[in-house]
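Working notes, beginning with the structure itself.
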Amino acid sequence: MGKPNMKKIAVVWFVGLLLAACSDDDDEINCELFDPAFPALFLRIVDDSGTNRIENGTVDPENIEVEGDFLGAGFQFIPANEFADPDSSIRELDNTLNLSLPNESRFRYLLRIDNFEPVTITFTAELTEIPCDIIYFTPIRAESNGQELELQETFPLEFLVVLEL
(Lines give C-alpha, C1' and ligand atoms only; values in the text may rest on other atoms or scores of the structure.)
Protein backbone atom coordinates (compact mmCIF):
# COMPACT_ATOMS: atom_id res chain seq x y z
CA MET A 1 0.00 0.00 0.00
CA GLY A 2 1.29 3.47 -0.92
CA LYS A 3 1.35 6.70 0.99
CA PRO A 4 -2.03 8.34 1.62
CA ASN A 5 -2.85 11.09 -0.84
CA MET A 6 -2.94 14.45 1.04
CA LYS A 7 -5.76 15.74 -1.18
CA LYS A 8 -7.92 12.75 -0.27
CA ILE A 9 -7.20 13.23 3.41
CA ALA A 10 -8.09 16.93 3.16
CA VAL A 11 -11.36 16.12 1.35
CA VAL A 12 -12.31 13.44 3.91
CA TRP A 13 -11.45 15.82 6.76
CA PHE A 14 -13.51 18.65 5.21
CA VAL A 15 -16.52 16.39 4.58
CA GLY A 16 -16.30 15.13 8.17
CA LEU A 17 -16.23 18.71 9.41
CA LEU A 18 -19.31 19.56 7.33
CA LEU A 19 -21.18 16.51 8.58
CA ALA A 20 -20.31 17.35 12.17
CA ALA A 21 -21.71 20.86 11.68
CA CYS A 22 -24.97 19.54 10.24
CA SER A 23 -27.90 18.75 12.47
CA ASP A 24 -30.52 16.02 12.25
CA ASP A 25 -33.13 18.68 13.01
CA ASP A 26 -33.41 21.25 10.19
CA ASP A 27 -34.84 23.82 12.63
CA GLU A 28 -31.85 23.71 14.97
CA ILE A 29 -29.58 26.74 14.78
CA ASN A 30 -26.06 27.05 16.07
CA CYS A 31 -26.59 29.98 18.44
CA GLU A 32 -22.88 30.78 18.51
CA LEU A 33 -23.03 31.52 14.79
CA PHE A 34 -26.55 33.02 14.66
CA ASP A 35 -26.47 36.70 13.68
CA PRO A 36 -30.08 37.89 13.65
CA ALA A 37 -31.41 41.15 12.26
CA PHE A 38 -33.12 43.50 14.69
CA PRO A 39 -35.72 46.17 13.94
CA ALA A 40 -34.82 49.79 13.35
CA LEU A 41 -37.08 52.82 13.72
CA PHE A 42 -36.78 55.95 11.60
CA LEU A 43 -38.65 59.27 11.76
CA ARG A 44 -39.25 61.61 8.82
CA ILE A 45 -40.44 65.14 9.61
CA VAL A 46 -42.61 66.59 6.83
CA ASP A 47 -44.74 69.65 6.16
CA ASP A 48 -48.44 69.54 5.21
CA SER A 49 -47.54 68.83 1.56
CA GLY A 50 -45.34 65.85 2.53
CA THR A 51 -42.01 67.60 1.87
CA ASN A 52 -39.16 66.50 4.12
CA ARG A 53 -38.44 69.47 6.43
CA ILE A 54 -34.81 68.47 7.03
CA GLU A 55 -34.18 68.13 3.31
CA ASN A 56 -35.68 71.54 2.50
CA GLY A 57 -33.80 73.20 5.38
CA THR A 58 -36.75 74.29 7.57
CA VAL A 59 -35.54 71.90 10.30
CA ASP A 60 -31.87 71.66 11.25
CA PRO A 61 -31.05 68.22 12.72
CA GLU A 62 -28.53 69.97 14.98
CA ASN A 63 -31.45 71.76 16.66
CA ILE A 64 -33.47 68.65 17.51
CA GLU A 65 -33.67 67.32 21.05
CA VAL A 66 -35.13 63.88 21.70
CA GLU A 67 -36.10 62.42 25.06
CA GLY A 68 -37.61 59.02 25.69
CA ASP A 69 -39.31 57.43 28.66
CA PHE A 70 -36.72 54.63 28.67
CA LEU A 71 -33.01 54.27 29.31
CA GLY A 72 -30.84 54.82 26.25
CA ALA A 73 -33.35 56.89 24.31
CA GLY A 74 -31.82 58.95 21.55
CA PHE A 75 -31.41 59.33 17.82
CA GLN A 76 -28.89 59.42 15.04
CA PHE A 77 -29.37 61.71 12.02
CA ILE A 78 -29.31 59.86 8.69
CA PRO A 79 -28.08 62.31 6.02
CA ALA A 80 -28.74 61.94 2.30
CA ASN A 81 -26.78 59.03 0.82
CA GLU A 82 -24.84 60.84 -1.89
CA PHE A 83 -23.49 57.58 -3.34
CA ALA A 84 -26.85 55.87 -3.88
CA ASP A 85 -28.74 56.07 -7.15
CA PRO A 86 -31.30 58.89 -6.85
CA ASP A 87 -34.12 56.43 -7.61
CA SER A 88 -32.82 53.77 -5.21
CA SER A 89 -35.21 52.60 -2.49
CA ILE A 90 -32.48 53.12 0.11
CA ARG A 91 -32.89 56.88 -0.47
CA GLU A 92 -36.24 56.61 1.32
CA LEU A 93 -34.36 56.96 4.62
CA ASP A 94 -32.42 60.07 3.56
CA ASN A 95 -32.71 62.96 6.02
CA THR A 96 -34.46 60.97 8.73
CA LEU A 97 -33.80 60.32 12.41
CA ASN A 98 -32.91 56.79 13.48
CA LEU A 99 -34.60 56.46 16.88
CA SER A 100 -33.45 54.02 19.56
CA LEU A 101 -35.82 51.09 20.02
CA PRO A 102 -36.29 49.74 23.56
CA ASN A 103 -37.31 46.24 24.53
CA GLU A 104 -40.71 47.47 25.69
CA SER A 105 -44.25 47.08 24.39
CA ARG A 106 -45.08 50.78 24.89
CA PHE A 107 -42.68 53.69 24.87
CA ARG A 108 -42.76 57.39 24.26
CA TYR A 109 -40.56 60.02 22.66
CA LEU A 110 -40.67 63.77 23.25
CA LEU A 111 -39.24 65.83 20.38
CA ARG A 112 -38.19 69.43 20.73
CA ILE A 113 -37.52 71.09 17.40
CA ASP A 114 -36.67 74.78 16.97
CA ASN A 115 -39.66 76.95 15.98
CA PHE A 116 -42.19 74.14 16.69
CA GLU A 117 -44.19 73.10 19.72
CA PRO A 118 -42.81 69.99 21.48
CA VAL A 119 -44.29 66.76 20.09
CA THR A 120 -44.88 63.51 21.95
CA ILE A 121 -45.05 60.28 19.98
CA THR A 122 -46.30 57.13 21.67
CA PHE A 123 -45.33 53.80 20.18
CA THR A 124 -46.83 50.36 20.61
CA ALA A 125 -44.60 47.39 19.85
CA GLU A 126 -45.15 43.67 19.54
CA LEU A 127 -42.98 41.06 21.21
CA THR A 128 -41.09 38.90 18.71
CA GLU A 129 -39.31 35.72 19.75
CA ILE A 130 -36.69 34.18 17.51
CA PRO A 131 -34.40 31.17 17.94
CA CYS A 132 -31.64 31.10 20.56
CA ASP A 133 -33.92 32.70 23.20
CA ILE A 134 -33.66 36.12 21.56
CA ILE A 135 -36.54 38.55 21.90
CA TYR A 136 -37.16 42.03 20.58
CA PHE A 137 -40.08 44.37 20.11
CA THR A 138 -41.30 45.37 16.67
CA PRO A 139 -43.12 48.71 16.36
CA ILE A 140 -46.69 48.25 15.12
CA ARG A 141 -48.33 51.60 15.92
CA ALA A 142 -47.39 55.24 16.44
CA GLU A 143 -49.60 58.10 17.55
CA SER A 144 -49.30 61.73 18.51
CA ASN A 145 -52.01 63.86 20.13
CA GLY A 146 -54.51 61.03 19.74
CA GLN A 147 -53.91 60.72 15.99
CA GLU A 148 -52.35 57.66 14.44
CA LEU A 149 -49.18 58.38 12.47
CA GLU A 150 -48.16 56.62 9.30
CA LEU A 151 -45.86 53.70 10.18
CA GLN A 152 -44.52 51.74 7.24
CA GLU A 153 -42.01 48.93 6.86
CA THR A 154 -39.60 50.29 4.24
CA PHE A 155 -37.28 47.27 4.28
CA PRO A 156 -37.53 44.08 6.32
CA LEU A 157 -37.46 45.16 9.97
CA GLU A 158 -36.92 48.85 9.12
CA PHE A 159 -39.86 51.01 10.12
CA LEU A 160 -40.48 54.60 9.12
CA VAL A 161 -42.80 56.99 10.95
CA VAL A 162 -43.91 60.15 9.19
CA LEU A 163 -44.53 63.16 11.44
CA GLU A 164 -46.24 66.20 9.95
CA LEU A 165 -45.24 69.54 11.50
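As a basis for the values below, the full set of heavy atoms in this structure was taken, side chains included, without hydrogen atoms, waters or symmetry mates.
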Here the gap from D35 atom CG to E32 atom CD, rounded to the nearest 0.5 Å, amounts to 13.5 Å
Going from CD1 on I45 to CG on L165, what distance comes out if it is rounded to the nearest 0.5 angstrom? 6.0 Å
Can you tell me how far apart CZ (F159) and CG (L99) are? Round to the nearest 0.5 Å. 13.5 Å
Name of the residue among L97, L111, N98 meeting side-chain contact (heavy atoms from CB on, under 4.5 Å) with F75: L97
What do the steps show when you test Y136 against L157 for side chain to side chain contact (heavy atoms under 4.5 Å, CB included), and what is the final call? CA-CA 11 Å; Y136 56 78; L157 292 177; 3.9 Å; yes
Residues passing the side-chain contact (heavy atoms from CB on, under 4.5 Å) test with V46, sequence neighbours excluded, are R44, V162, E164
Side-chain donor-acceptor contacts of residues 112-126 below 3.5 Å, not counting sequence neighbours, with atom names and distances?
{"from": "R112", "atom 1": "NH1", "to": "E67", "atom 2": "OE2", "distance (Å)": "2.5"}
{"from": "D114", "atom 1": "OD2", "to": "N63", "atom 2": "ND2", "distance (Å)": "3.2"}
{"from": "T124", "atom 1": "OG1", "to": "R106", "atom 2": "NH1", "distance (Å)": "3.1"}

Quick one: hydrophobic cluster around I135, which other residues, with the 4.5 Å side-chain cut-off, linked directly or via members? L127, F137
Does N95 offer a backbone N or O that forms a donor-acceptor pair with the side chain of N52 under 3.5 Å? yes
How many angstroms lie between CZ in F38 and CG in N103, if you round to the nearest 0.5 Å? 8.5 Å
Taking it one step at a time, do F107 and L41 satisfy side chain to side chain contact (heavy atoms under 4.5 Å, CB included)? CA-CA 13 Å; F107 58 97; L41 180 60; 4.2 Å; yes
I140 with L101, same ILVMFWY side-chain cluster at under 4.5 Å: no
For residues 43-64, pull every pair meeting ring-ring contact (aromatic ring centres under 6.0 Å, His included), keeping only residues two or more places apart or in separate chains. none
Crowded around D133 CG? As in, over 12 foreign heavy atoms under 6.0 Å? no
If we ignore hydrogens and angles and just use 3.5 Å, is the side chain of D69 paired with the main-chain N or O of R108 as donor and acceptor? yes
Rounded to the nearest 0.5 angstrom, the CD1-CD distance for I78 and E92 is 13.5 Å
Does any pair with a residue in residues 39-66 pass ring-ring contact (aromatic ring centres under 6.0 Å, His included), and if so which ones, sequence neighbours excluded? none
With disulfide bond (SG atoms under 2.5 Å apart) as the rule and sequence neighbours excluded, what pairs involving residues 34-72 come up? none
